[in-house]
Protein chains: 4
Amino acid sequence: MKTPARTGPPGKIKIMTAFSRLMETKDFQSITTAEIAGNAGVTEGLIYKYFTDKKDLLHQVLHQHFAAFQAGIEAGIQEKQTCIGKLEAIIFASLDSYTHNRVLARILLLEVRNSLSYFESGAYAMVKIYARTILDIIREGMETGELRPDMDPFLLQKVILGAIEHTCLKQVIFDKKMDVTAAAGGIVDIIFNGVKHHGCH
Amino acid sequence: MKTPARTGPPGKIKIMTAFSRLMETKDFQSITTAEIAGNAGVTEGLIYKYFTDKKDLLHQVLHQHFAAFQAGIEAGIQEKQTCIGKLEAIIFASLDSYTHNRVLARILLLEVRNSLSYFESGAYAMVKIYARTILDIIREGMETGELRPDMDPFLLQKVILGAIEHTCLKQVIFDKKMDVTAAAGGIVDIIFNGVKHHGCH
Amino acid sequence: MKTPARTGPPGKIKIMTAFSRLMETKDFQSITTAEIAGNAGVTEGLIYKYFTDKKDLLHQVLHQHFAAFQAGIEAGIQEKQTCIGKLEAIIFASLDSYTHNRVLARILLLEVRNSLSYFESGAYAMVKIYARTILDIIREGMETGELRPDMDPFLLQKVILGAIEHTCLKQVIFDKKMDVTAAAGGIVDIIFNGVKHHGCH
Amino acid sequence: MKTPARTGPPGKIKIMTAFSRLMETKDFQSITTAEIAGNAGVTEGLIYKYFTDKKDLLHQVLHQHFAAFQAGIEAGIQEKQTCIGKLEAIIFASLDSYTHNRVLARILLLEVRNSLSYFESGAYAMVKIYARTILDIIREGMETGELRPDMDPFLLQKVILGAIEHTCLKQVIFDKKMDVTAAAGGIVDIIFNGVKHHGCH
DNA sequence: CATGAATGAGCCTTCATTCAT
DNA sequence: CATGAATGAAGGCTCATTCAT
């Protein structure tokens, strides 16, 4: 999955591309500006022409990847009529994106959380929109009667997000691939139908 | 919640305690050895008498905290007869531990994942036991008929772990407290009964 | 005897010059990077822009000094027609260089041997060429009949090198000067004519 | 070749033995007191009960090894009647000792020179005796007519010492063995008979 | 638009050494 | 005779960042 910077001066594009490539295999902290510049074929100084910070670079790259992610999600929802269908679509699209876009997954699942500056960044705003979208669908479902009305919608939101993230965590850390369709289907089944067994009567 | 090192030479105890205290408010990377030593009232060099590394210190402290966590979990399970009861107990105990032991939560939810060395550490072994315990209960429940037999037990394990972690994430990051009982009850309800609404008949 | 780095950015030149100057009076291990940087009027960090290592700095400086040494030797040989003349010239030039270039002498006679990394460095390659030059002349002399054909040329090479080095060792260690011409003449006489006394007949 | 410390309290013996063993493969600077203590099975502190210094330990071990060396030399000389015979014996015994006692060779050829404190130590006094012995024999030979009277005896001494040391240097550095008899014979032949070829007449 | 020389602050780590017990 | 806990001073090295050109 490529996510090239399509805009801006050549130097900026080169830097973002190189950084993105590095993020596929290394963690943020261990990537040095020298390494980025070297891989991009530019000088270290140029990084600070286009980014205020190393972290700013991370945020901009995340922003870029996240835009594609968000677009995919919204495309998936559009066609669906029911809330359950929409949530299924989101779960599938999320797993799919995390699976096929390693950089996105690494940043979102590993890097971003312990950085306070992230939560002040524009990148975080996008994630909030994503989370909010889920929450809105849940609320809508509870109103329309598709979903049980006696739940804390925030909690369901967290269960869904947690399920998505934890499912992807292992593959990101240990660099494995998973069967997205099966995983998405299984998660949907568990969360929507519950796991308690109802004996036949 | 304090979890002091009860064994070893005074210097080692002081170091672990001081580091633990620092971890409550700062992230690992930004804690310097000078800071640790200063807070512990020992010299920096002593750290390397007892720990091979700054990371080793992290792992040993985590290990220590996790031992208490694990003990709490097992105590909770003991009394329960049903698999569902056991899982409920684990979810509650986990949320409770993460809520009251900030250091444990911070390390496990924020710090540890992007460090490869963690996964080779003894501390990781404990987490695997924890995850394994959940998996075993799930399997047992599927066999006894308490839980639906047509699920991927690994997936349910991930949903549970993901729900726990994501629920705690926000409070860890933004330093808030939550109502553990309510959250645990809600998560249990969602996962066990499902969220789909079944109209009255 | 100065042997400044004539190429490269000013910072690199300053570092090499300062280090060279320090090597005249102190041994490598006791020279700190802070000292080098201080004497050079640059920051410590800059050292690592131009040298991978403190040792790399040593090797590059040695390389530089040795180049001049080597050049002197070759100039001395050029004019000589006989092998014996060439060897005489080498012995003289070597003693002369060691005497007048204290840094070269110190590095070659004292520092370099116990460092394994030296033998993998480019600097060592030059020394091998020097030793090889001597060996080649010896072999040539044995073929042309100037030198006895019934010797191990390697052994003679070692005797010559050993004589040169040991003669210079004391002056390097105790910081004394010697009469180069007399010493060279004496060594040549001993090695070429032997020390056994042949009574008159 | 073993050179155990036969006297003193068990702790001291253990320390010297362990250090000696370590010196066979590592250089002095890279051997830590922790390593010595660990290998000796004692605590670091004990080292300072018996030795004022790490360097003192080196000197005492060298002293011990050198005593055996010196004894071997003197035994070799004793039987010989001529000065030439004595020098031959010294050359042979020296090469032999360096070859079979790696620790002695390493210390004398590699470590000792760049340490100023060595030259103030008792160990250095022994080496001076060794060198002095050679010088005395040379002078005696020059007086009795065995050796040419028109030489600088100091220079011959240096040539002999240099030849011995340089011949052994390579095997010490690269850990190779040599044919002691052949080397000694060759060196003797070169130095005593000279290398100039005298055509038959 | 880009370079490259230089900075500066600090970090982790090492290790010989001491001393009370 | 020996331990082991603790020190302290320094040391090499990294790296994000700046700025004149």
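Residue numbers start from 1 in every chain, and the chains themselves are labelled A, B, ... in the order their sequence lines are given, proteins ahead of strands. What's counted below: heavy atoms across the whole structure, side chains too, no hydrogens, waters or symmetry copies. Computed from a prediction, not measured in an experiment: that's the story for all the values here.
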> Counting only N and O atoms by type, is there a donor-acceptor contact under 3.5 Å from the side chain of C:Arg106 to the main-chain atoms of C:Met23?
Replying inline: yes

> If you check the B:Lys49 side chain, which of F:dA2, F:dA6, F:dT3 turns out closest?
Replying inline: F:dA6

> For A:Gly11, which contact category applies under a 4.0 Å heavy-atom criterion: base, sugar-phosphate, or nothing?
Replying inline: sugar-phosphate

> Want to settle it: does B:Gly41 or C:Lys55 sit nearer the 5' end of DNA chain F, counting the closest nucleotide to each?
Replying inline: B:Gly41

>> Taking atom types as they are modelled, would you say the side chain of C:Glu44 forms a donor-acceptor pair with the base of F:dC13 within the 3.5 Å cutoff?
In response: yes

> How close or far is atom C1' of F:dA6 from atom CD1 of B:Ile13, stated in whole angstroms?
Replying inline: 15 Å

>> Rounded to whole Å, how long is the line connecting atom CG of B:Leu46 with atom P of F:dG8?
In response: 11 Å

>> In whole Å, I'd like the distance from the CG atom of D:Leu57 to the C1' atom of E:dT17.
In response: 14 Å

>> Assuming nearest nucleotide by heavy-atom distance, tell me which of A:Ala34 and C:Lys54 is located more 5' along DNA chain F.
In response: C:Lys54

> What's the closest nucleotide to the D:Pro10 side chain, out of E:dA6, F:dA5, F:dA2?
Replying inline: F:dA2

> Does D:Thr33 have a side-chain nitrogen or oxygen under 4.0 Å from the phosphate oxygens OP1 or OP2 of E:dA16?
Replying inline: yes

> Now, which nucleotide makes the Watson-Crick or G-U wobble pair with E:dC1, with each of the two distances under 3.5 Å?
Replying inline: none

> Taking atom P of F:dG12 as reference, at what distance in whole Å does atom CD1 of C:Ile31 sit?
Replying inline: 10 Å

> Under 4.0 Å: is that the gap between some side-chain N or O of A:Tyr48 and OP1 or OP2 of F:dT17?
Replying inline: yes

> Any chance the side chains of A:Gln60 and A:Asp56 put a donor and an acceptor closer than 3.5 Å?
Replying inline: yes

> What is the distance, rounded to the nearest whole Å, between atom NZ of C:Lys14 and atom C1' of E:dA5?
Replying inline: 10 Å

>> Does B:Lys14 qualify as a cation-pi partner of B:Phe19, given the criterion of NZ or CZ under 6.0 Å from the six-membered ring centre and within 45 degrees of its axis?
In response: no

> What is the pairing partner of F:dT7, taking Watson-Crick or G-U wobble pairs with both distances under 3.5 Å in any strand?
Replying inline: E:dA16

>> Whole angstroms only, please: what is the CG-P distance between B:Asp53 and E:dT14?
In response: 8 Å

>> For D:Ile13, is there any backbone N or O sitting under 3.5 Å from a side-chain donor or acceptor partner on D:Thr17?
In response: yes

> Looking at A:Phe28, is A:Lys54 sitting on its ring face, NZ or CZ under 6.0 Å from the six-membered ring centre and within 45 degrees of the normal?
Replying inline: yes

> With no hydrogens and no angle check, do the side chains of A:Ser20 and A:His65 hold a donor and an acceptor under 3.5 Å apart?
Replying inline: yes

> Atom CD of A:Glu35 to atom P of F:dC15: distance rounded to whole Å?
Replying inline: 9 Å

>> I want to verify a distance call: between F:dT3, E:dC11, F:dG8, whose nearest atom is closest to the B:Thr32 side chain?
In response: E:dC11

> Which base, if any, makes a Watson-Crick or G-U wobble pair with E:dA9, both distances under 3.5 Å?
Replying inline: F:dT14

> For B:Ile36, which contact category applies under a 4.0 Å heavy-atom criterion: base, sugar-phosphate, or nothing?
Replying inline: nothing

>> I want to check one thing: is the phosphate of F:dA6, taken as OP1 and OP2, less than 4.0 Å away from some side-chain N or O of B:Tyr50?
In response: yes

>> Within the 4.0 Å heavy-atom criterion, would you say B:Ile15 contacts the bases, only the backbone, or no part of the nucleic acid?
In response: nothing

>> Between P on E:dA5 and NZ on C:Lys12, what's the gap in Å once rounded to a whole number?
In response: 10 Å

